[in-house]
Protein chains: 2
Amino acid sequence: MHSPHKWRHRFRANVSRWTVPREIILDFLSRTSKHMSAKEIYASLYRMYPGIGLTTVYRTLDLLVRIGLINKLTFGDGPSRYEFKSEKKNEHHHHLLCTKCGRIIDYNDFMGEELKLTKKTEETLAKKYNFKVQDHNIEFYGLCEKCQ
Amino acid sequence: MHSPHKWRHRFRANVSRWTVPREIILDFLSRTSKHMSAKEIYASLYRMYPGIGLTTVYRTLDLLVRIGLINKLTFGDGPSRYEFKSEKKNEHHHHLLCTKCGRIIDYNDFMGEELKLTKKTEETLAKKYNFKVQDHNIEFYGLCEKCQ
DNA sequence: AATGGTAATGAAAACCATTATCATTAATAA
DNA sequence: TTATTAATGATAATGGTTTTCATTACCATT
């Protein structure tokens with residue numbers, strides 16, 4: 001299923017070496033759908049690979065974001081969270097955040113409408129402010145099932 | 001123009017006292033359209049009111065967010081920024097962020113379309129996940145005029 | 001106006017996520 | 001196999017924010 005060196009060429013292309021810590025971090029992220037903080041990732045990996053350092057986790061996450069294999073999510077307070085970026089085009093999604101318990105829900109409804117709106121907005125902003133849009137983010141805040 | 005105790009009743013309603021630090025912080029924010037960090041606000045006020053403490057600035061900003069008079073903006077890394085929330089309904093806006101220089105641009109184009117999309121999304125999410133939406137946020141990332 | 005109860009203040013220390021430093025280790029080109 | 005040099009991991013440092021606590025000052029009640 002998971003060929004061990006699936007992503008090796010992506011590293012090579014970025015003048016980066018293929019190392020054990022990088023492989024296990026990326027493999028770990030590719031197998032979970034959770035949105036985890038650096039510390040949580042570190043704690044999870046530490047059991048199987050006690051030699052790993054938190055610093056390396058931070059550096060690797062940073063590299064993976066630069067390469068474009070994962071997303072970094074920063075929701076207001078608290079630590080940044082990371083999620084694996086799926087190859088599948090139709091898995092583009094946004095987040096629903098519970099303001100009480102911090103729960104994060106992925107949703108991908110209305111992506112068609114959203115795309116229409118963002119495309120239109122991007123064009124207008126480009127003209128009006130001479131701003132070159134690279135990416136966008138949409139999130140909803142509220143109360144999840146358990147918290148209301 | 002600015003009655004000095006314009007917001008006093010808002011504090012009372014929240015069982016909070018009307019104090020000098022709170023007044024000058026709120027007054028300062030109401031007069032600027034910039035998105036300032038706690039430290040920047042502190043530095044600006046320190047000149048006119050050297051007795052003020054950074055801690056009080058943080059605490060007051062937190063209170064003002066709770067009361068609903070200002071917005072707290074958290075853009076990835078760096079300090080949180082704060083903006084005065086205008087009373088005028090038509091001044092609802094979102095942000096355009098330059099990923100290179102950090103510049104923030106307010107825009108309020110397509111609010112009609114946005115409202116349509118968010119309303120629809122909120123209804124669906126409420127049904128599908130039993131999630132009660134309270135607020136939303138949209139932001140675009142890219143390069144500003146100077147940085148591209 | 002004076003008093004007293006208590007919330008608010010400010011200086012300092014603590015906290016927490018993240019980054020920098022640096023000696024050691026290991027990936028890879030030769 | 002070796003040499004080069006990027007990557008690692010322990011530790012210290014950093015920066016934003018929060019906590020602690022003794023002091024101050026709002027403001028409801030006299």
Side-chain angles (χ1 to χ4, degrees), chain A residues 4-5 7-26 28 35-67 70 72-82 102, chain B residues 4-5 7-28 35-67 69-70 72-82 102:
Chain A
H5 300 141
W7 298 289
R8 196 169 183 163
H9 65 285
R10 296 287 290 269
F11 283 77
R12 284 288 173 70
N14 284 271
V15 208
S16 298
R17 292 179 181 173
W18 181 248
T19 68
V20 174
R22 287 172 178 182
E23 174 170 349
I24 63 170
I25 291 167
L26 183 49
F28 177 73
H35 313 85
M36 302 183 81
S37 69
K39 231 171 212 166
E40 286 167 351
I41 294 165
Y42 168 73
S44 298
L45 294 176
Y46 190 82
R47 278 176 292 155
M48 338 165 56
Y49 186 72
I52 201 164
L54 179 56
T55 308
T56 299
V57 173
Y58 273 108
R59 277 188 294 231
T60 302
L61 291 170
D62 195 59
L63 174 65
L64 295 176
V65 169
R66 277 191 333 263
I67 291 180
I70 66 174
K72 181 178 184 175
L73 313 173
T74 51
F75 302 127
D77 304 323
S80 295
R81 304 192 157 274
Y82 301 85
Chain B
H5 300 140
W7 297 289
R8 198 168 182 164
H9 66 285
R10 297 286 289 267
F11 282 75
R12 285 286 175 71
N14 283 272
V15 208
S16 297
R17 293 179 180 173
W18 180 249
T19 67
V20 174
R22 287 174 178 182
E23 174 170 348
I24 64 170
I25 291 168
L26 184 48
D27 184 65
F28 176 74
H35 313 84
M36 301 183 82
S37 68
K39 234 172 209 164
E40 287 167 349
I41 294 164
Y42 168 74
S44 299
L45 296 176
Y46 190 83
R47 279 176 291 155
M48 335 165 55
Y49 186 72
I52 200 165
L54 180 57
T55 309
T56 299
V57 173
Y58 273 108
R59 277 190 292 229
T60 301
L61 291 170
D62 195 57
L63 174 64
L64 295 176
V65 169
R66 274 188 338 259
I67 291 182
L69 287 170
I70 66 173
K72 181 177 185 176
L73 314 173
T74 50
F75 303 127
D77 304 324
S80 295
R81 303 190 159 273
Y82 301 84

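We use all heavy atoms of the structure for the numbers below, so side chains are in, but hydrogens, waters and symmetry mates are not. Order of the sequence lines fixes the chain letters, A, B, ..., with proteins taken first and strands second; residue numbering starts at 1 for each chain.
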Which protein N or O atoms sit under 3.5 Å from an N or O of nucleotides 13-20 of chain C?
{"from": "C/dA17", "atom 1": "OP2", "to": "A/K39", "atom 2": "NZ", "distance (Å)": "2.7"}
{"from": "C/dT18", "atom 1": "OP1", "to": "A/S80", "atom 2": "N", "distance (Å)": "3.0"}
{"from": "C/dT18", "atom 1": "OP1", "to": "A/S80", "atom 2": "OG", "distance (Å)": "3.1"}
{"from": "C/dT18", "atom 1": "OP2", "to": "A/Y58", "atom 2": "OH", "distance (Å)": "2.6"}
{"from": "C/dA20", "atom 1": "N6", "to": "A/T55", "atom 2": "OG1", "distance (Å)": "3.4"}

Task: B/Y46: ring-ring contact (aromatic ring centres under 6.0 Å, His included) partners, not counting sequence neighbours - done: B/Y42
Task: Qualifying salt bridge (charged side-chain N to carboxylate O under 4.0 Å, His left out) pairs, either residue in residues 43-56 of chain A, two or more places apart - done: none
TODO: Take the protein atom CD1 of B/I25 and the nucleotide atom P of C/dA8, then report the distance between them rounded to whole Å.
DONE: 13 Å
Give me, pair by pair, the N or O atoms of the protein and of nucleotides 27-29 of chain C that are less than 3.5 Å apart, along with how far apart they are.
{"from": "C/dA27", "atom 1": "N3", "to": "A/R17", "atom 2": "NH1", "distance (Å)": "3.4"}
{"from": "C/dT28", "atom 1": "OP1", "to": "A/W18", "atom 2": "N", "distance (Å)": "3.0"}
{"from": "C/dT28", "atom 1": "OP2", "to": "A/R8", "atom 2": "NH2", "distance (Å)": "3.3"}

TODO: Using ring-ring contact (aromatic ring centres under 6.0 Å, His included) as the criterion, list what pairs up with A/Y58, not counting sequence neighbours.
DONE: none
Open item on the list: Please enumerate all residues that pass salt bridge (Lys or Arg N to Asp or Glu O under 4.0 Å) together with B/R66, with sequence neighbours excluded.
Closed with: B/D62
TODO: Could you state the atom-to-atom distance from CZ of A/R66 to C1' of D/dA6 in whole Å?
DONE: 13 Å
Task: Under the side-chain hydrogen bond (donor to acceptor under 3.5 Å, both in side chains) test, residues paired with B/R22 that sit two or more places apart - done: none
- [ ] In whole angstrom, give the distance that lies between atom CZ of B/F11 and atom P of D/dA25.
- [x] 18 Å
Task: B/Y46 OH to C/dT9 P, straight-line distance once rounded to whole Å - done: 17 Å
Task: B/L63 CG - D/dT18 C1' separation (whole Å) - done: 16 Å
Open item on the list: Between B/T60 (side chain only) and B/T56 (backbone N and O only), is there a donor and an acceptor less than 3.5 Å apart?
Closed with: yes
Task: Euclidean distance, atom CZ of residue B/R22 to atom C1' of C/dG10 [Å, nearest integer] - done: 14 Å
Open item on the list: Test of understanding: with side-chain hydrogen bond (donor to acceptor under 3.5 Å, both in side chains), list the residues that count as partners of B/R17, not counting sequence neighbours.
Closed with: none
Open item on the list: If I compare all heavy atoms of B/I25 with all of B/V57, which pair ends up nearest, and what's the gap?
Closed with: CD1-CA, 3.9 Å
- [ ] Taking side-chain hydrogen bond (donor to acceptor under 3.5 Å, both in side chains) as the test, write out the residues that go with A/N14, two or more places apart.
- [x] none
Open item on the list: Under the rule for side-chain hydrogen bond (donor to acceptor under 3.5 Å, both in side chains), what residues qualify as partners of B/K39, not counting sequence neighbours?
Closed with: none
Task: Degree of bending in the helix from C/dA1-D/dT30 to C/dA30-D/dT1 once both end axes are built from five pairs, to 10° - done: 40°
- [ ] Provide, to the nearest angstrom, the distance between the CD1 atom belonging to B/I24 and the P atom belonging to C/dA8.
- [x] 16 Å
Open item on the list: According to salt bridge (Lys or Arg N to Asp or Glu O under 4.0 Å), who are the partners of A/R81, at least two apart in sequence or on a separate chain?
Closed with: A/E40
